[in-house]
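Have a look at the structure below, then the notes.
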Amino acid sequence: MAPKVPPQPSLEQSSTATAAGHGLAHAAPPKGILRWLLTTNHKEIGSLYLIFSLIMFFIGGIFALVVRAELYQPGMQLIQPEFFNQMTTMHGLIMVFAAVMPAFTGLANWMIPLQIGAPDMALPRLNNFSFWLLPVAFILLLSTLFMPGGGPNFGWTFYAPLSTTYAPPSTTIFILSLHIAGISSILGAINIIATILNMRAPGMRMMDMPLFVWTWLITSFLLIAVMPVLAGVITMMLMDINFGTSFFDAAGGGDPVLFQHLFWFFGHPEVYIMILPAFGIVSAIIPTFARKPLFGYASMVYATASIAILSFLVWAHHMFVVGLPLAATLFFMYTTMLIAVPTGVKVFNWITTLFRGSISFEPPMLFALAFVVLFTIGGFSGLMLAIAPADFQYHDTYFVVAHFHYVLVPGAVFAIMAGVYYWLPKWTGHYPHERLAQWHFWLSVIGVNLTFFPMHFSGLAGMPRRIPDYALQFADFNLVSSLGAFLFGFSQLLFVAVVILCVRGGRKAPAQAWDYAEDLEWTVPSPAPLHTFETPPTYQRPAH
Amino acid sequence: MWTVIKSVLAAFFGVQKEQQRREDFEQGRPGAFIVTGLVMAAFLVGILAFVAILVSR
Amino acid sequence: MSRIEMGNDDQRSAIRRTVWRSVAALVGMFAFAFALVPLYDVFCEVTGINGKVETSAQALVNEEIDDSRYVTVQFITRNGSGLPWRMDVETRQIRVHPGQSAEVNFTFNNQSDGVSWGRAVPSVSPSSATRHLRKVSCFCFDEQRLEAGERLELPLVFQLARDLPEEVNSVTLVYTLYPVETRKAQLQAGAKVLEGDEV
Amino acid sequence: MRTLLVWLAGALSLAGSSQAALASGWNMPVGVTDLSREIYNLHMTIFWICVVIGVIVFAVMFYSLIRYRHAKGAKAANFHENTTVEVIWTAIPLLILVGMAVPATATLKKMYDTSDAELDVMVTGQQWRWHYEYLGEDVAFTSNMSTPRAQIRGDEPFGENYLLEVDQPLVLPINRKVRFLFTADDVIHAWWVPDFAVKQDTIPGFINENWVRINEPGIYRGQCAELCGRDHAFMPIVVHAMEEDDFDTWLAERKEAAAEEALGVEREWQKEELMERGEAVYASICASCHQPDGEGSPPAFPALAGNQRMLEDREWHTNVIIDGVSGTAMPAFRSTLNPVELAAVVTYTRNAWGNDTGSEVQPSTIAQRLGQ
């Protein structure tokens, strides 16, 4: 039984929501900049998150293009190795912490209250605070690039002792900014949990929630569980650097490998933090455009939960070559292989949803379908990486780079774009420009594959990751990757164009913007007024 | 108790009949399911660790 | 403004409860991250991960010597940066039976004209042997202090347990010499003086 | 759809070429050890399993996309669960995984078995070079990348083995089990030779093991595989695998040369000799951080040209080179350079690039300082 409401608005009060601001006296919002600084409205904060993450996506993208430009051909042409290392590090940090995570938080802010029939997030003022921490954190982080000794240059995984004893002086600022970003994520997660658990429309049980809400609930638990561990690790780093402790310094009786254990205890769940909400978005889009209820709703929820639990048990598969004992290597190999099962269940469910549907190919659907195919390819390389003996060859090569970019770019990023295209009519009241969106899609798909598919080959052929210059046999693969990266990078300008055009105008969208879309957000008008569901709707279970 | 274990096992596999799920949820004791789930997760870890240690000898 | 702020006390207290539980979980996880540091050490010592060894003396176990096989024990000394000491071992390798105890002397020589503190950090390979290595006495348990030009000979007394896995026929002990920070060294020197020990 | 084409093209290009062609740079090398071959086979097995699953899954998906188009008037069915199907597609992957885990476990056990080695080599990672020591043989040397910086800058055409060539390769015998002991002086590096399927982190203060038994003589190249700072890309590994007899001869020669060098400590060296030797040592060991012109790259790597403290205090200067500086990238060269090399490099740095102290240090002085 899919947890859907019937296509027709089934809410007694949906008419009340139509006219914004009536019924209850809303204080006039402050004007100009102050309005955005002080807003406690989940929709405005959601927009802030999304705009912030788009800007950061471009900044991180520029860093990636600097890297790809240097790697266009063998030899050092454009930048110095020190700067190259700063670029790879910053690219990773910005994309993970400032682009992908805030984008999902933005979507959560916008959509979770709408999908569960709540008037706002549970803690609106906290919501405002957790957003405004982000610009502070990342302006600090970006400013390290201009400090003496440069910014962080030890990779986004910042392994000790390269990131402690041998780090540039700006590392303390890096730690501070990561702390602030971490607090922001944690506050966001608390807010989301409080909202989902306490503010569902009367009659909506947990197993009636849309999958985007479910995946975000589980993601929030992951965030609460692992962000403090990250905070702990960087605090230990800070103490090692500034207060003479030696958590990670062998000279003082510490252990550099401990850093990696702690980091990946955070880092692997972090990977799922970046992909679970994507599963939720795709699980909303595919049924809509296949005009058929999602296959296996319950098993999707269970699979998400078991992926989340397993994610705590696999961290050392990032460390197969640090010299783990045999039993540990075996254990982590088995648990990692096990993750393929629930992940496979998800893919099978999506495909079975398509089977005997009635499928149309609007832009959100295009991105969602590309997500299924390309994420699965990333999953296959992940399965290969799980085989520990083979991982001794794959580890820290471009094969790994190919793997996680397949999971994160056509995975997480495509899902975010699919979500944006899917909900733009709800946000702006206009459909996105179909032609432009199709161009954006096809150029992105071609660009992504040109960029990352050859990396499988260069990795297998023996190219280590994070090197600014490479041997001649890798030249062809890198040339293709660099061309693809520029194609992908510049086609994202189309995305910006589509979004701006859509905000300004375009074909008008009704409340029910997509024919078969069933969740509660489609019962409020498009564009969604500033205040919705001020009287809770009564949720009615659909009768499929 | 046995139905709880069966349901949790089914959840581990990611499969459950809608009918059964409905019954479970109407039973209204989430605590039992959560505890059973955690115990069985720990059990799974135990089995894997045991196999790994056994094989590595 | 919104429903929350307008009332519905039940919901508000439910939200508050959720928030406090989350905060408790957060604090717990932060503490857990730090608890992982000692836990990791314990775990390493129990399982022998990473060649980490007991950092305190163990008792010699009287067990029958396994004459049927020999194990080669290699000793490697290395210098980390910043300590003007020379470290030597009297023999590079010895052959012992499991169960047998052995003693090997290491010499330390401070080649500078100042006093300094150093510590030898031990590591054992293969990691499957770590649990079966008993160190009865080792210079690596303590930080060492050497006067200018001083020469010190210190023994390592150890025993390989009889239950050392069959396939292990060679064990490597590596000692890397690191300086102990002056500030820390002074504190400890002060403590020792207070205790009335010979420094 | 395009993605599938790209993907299929990749898969087919792998499938269509023979193993030999695959080894030529599109795939993991088969390698020259029994284990590397086993790992290659594991890799290909799991790859083909993925291909088969991929083909089936994507075939169903694209069939559905084409067959059930809304534009062609497809009417949607309304089913949304089927326990039998769900059990099947959970159970089958589980069985495949168990099938993969068995051979993987067997291979892993072999990889971990370092017992009964006939030769022990200690590999030490340093920013940014490798140091090799044949344990118990009194032979040790440092291996630096030999690709000229001019090639990297683009001032000269690339050589054949651009970035994968060293001044002194590690020499190993074939058909003997060689055990590696890995450690590092500063940060974590990783020693990797794809043809051996050996990749192991070198961790400061800790020791790791791995082993190799090479089947064919030849020259095998690899690179550092763990980000270790600025010149991570520029610390290649070259292994020269020789017939056993040739190796024994080589080792004997190296021992003899080392003994001869030790004799050189006794005699008085001319300043010119020391300068010449020092220039060579500086170029291979020091120049990567302190730069060929001695200007360094502060703050991490201080300038040597015109360095007041160094010029005024010869003893401090010597001590820094011998003992290193803790908490910095300056390692202790006490055991990686011999007294002649140490004396030469001290003399050189005190007299090069306008550092005209005129002072020199004799190898015998250094030997005394080292207590030898």
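Just so we're on the same page: letters track the sequence lines, and every chain starts at 1. Keep in mind it's a predicted model, so treat the numbers as computed, not measured.
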(request) Determine whether more than 12 heavy atoms belonging to other residues, nucleotides or ligands lie under 6.0 Å from atom CZ of F75(C). (result) yes
(request) Taking side-chain hydrogen bond (donor to acceptor under 3.5 Å, both in side chains) as the test, write out the residues that go with D240(A), two or more places apart. (result) T245(A)
(request) Can you tell which part of F34(C) gets under 4.5 Å to a heavy atom of chain A, answering side chain, backbone, both or neither? (result) both
(request) Might you point out which heavy atoms bring F30(C) and G232(A) nearest each other, and give the distance in Å? (result) CE1-N, 3.5 Å
(message) Once rounded to the nearest 0.5 Å, what's the spacing between atom CE of M29(C) and atom CZ of F265(A)?
(response) 5.0 Å
(request) Identify the two heavy atoms, one from A194(A) and one from T18(C), that lie closest to each other, and give their separation to 0.1 Å. (result) CA-CG2, 3.9 Å
(request) Select all residues of residues 223-230 of chain A having any heavy atom within less than 4.5 Å of some heavy atom of chain C, and report them by number, or 'none'. (result) I224(A), A225(A), P228(A), V229(A)
(message) Which heavy atom of I15(C) sits nearest to which heavy atom of M199(A), and what is that distance?
(response) CD1-SD, 3.9 Å
(message) Against S22(C), only a single residue in L197(A), L187(A), I190(A), I186(A) fulfils side chain to side chain contact (heavy atoms under 4.5 Å, CB included); can you say which?
(response) I190(A)
(request) Inspect the surroundings of CZ in R21(C) and state if more than 12 heavy atoms from other residues, nucleotides or ligands are less than 6.0 Å away. (result) no
(message) Working to the nearest 0.5 angstrom, can you tell me the gap between N198(A) CG and R17(C) CZ?
(response) 7.5 Å
Side chains of residues 88-97 of chain C: which donor-acceptor pairs under 3.5 Å do they make with residues two or more places apart or in other chains?
{"from": "D88(C)", "atom 1": "OD1", "to": "R86(C)", "atom 2": "NH2", "distance (Å)": "3.4"}
{"from": "D88(C)", "atom 1": "OD2", "to": "R86(C)", "atom 2": "NE", "distance (Å)": "2.6"}
{"from": "E90(C)", "atom 1": "OE2", "to": "N105(C)", "atom 2": "N", "distance (Å)": "2.9"}
{"from": "T91(C)", "atom 1": "OG1", "to": "Q93(C)", "atom 2": "N", "distance (Å)": "3.4"}
{"from": "T91(C)", "atom 1": "OG1", "to": "Q93(C)", "atom 2": "O", "distance (Å)": "3.1"}
{"from": "H97(C)", "atom 1": "ND1", "to": "D66(C)", "atom 2": "O", "distance (Å)": "3.4"}
{"from": "H97(C)", "atom 1": "ND1", "to": "R69(C)", "atom 2": "O", "distance (Å)": "2.9"}

(message) Could you measure the distance from the CG atom of D249(A) to the OH atom of Y178(C)? Nearest 0.5 Å is fine.
(response) 7.0 Å
(request) Step through the shown structure and confirm whether more than 12 heavy atoms of other residues, nucleotides or ligands are within 6.0 Å of CZ on F312(A). (result) yes
(request) Please determine, among V37(C), V27(C), V121(C), L36(C), the option with the most heavy-atom pairs under 4.5 Å with chain A. (result) V37(C)
(request) Return each pair, listed once, that meets side-chain hydrogen bond (donor to acceptor under 3.5 Å, both in side chains) where at least one residue sits in residues 181-192 of chain A; pairs must be two or more places apart or across chains. (result) none
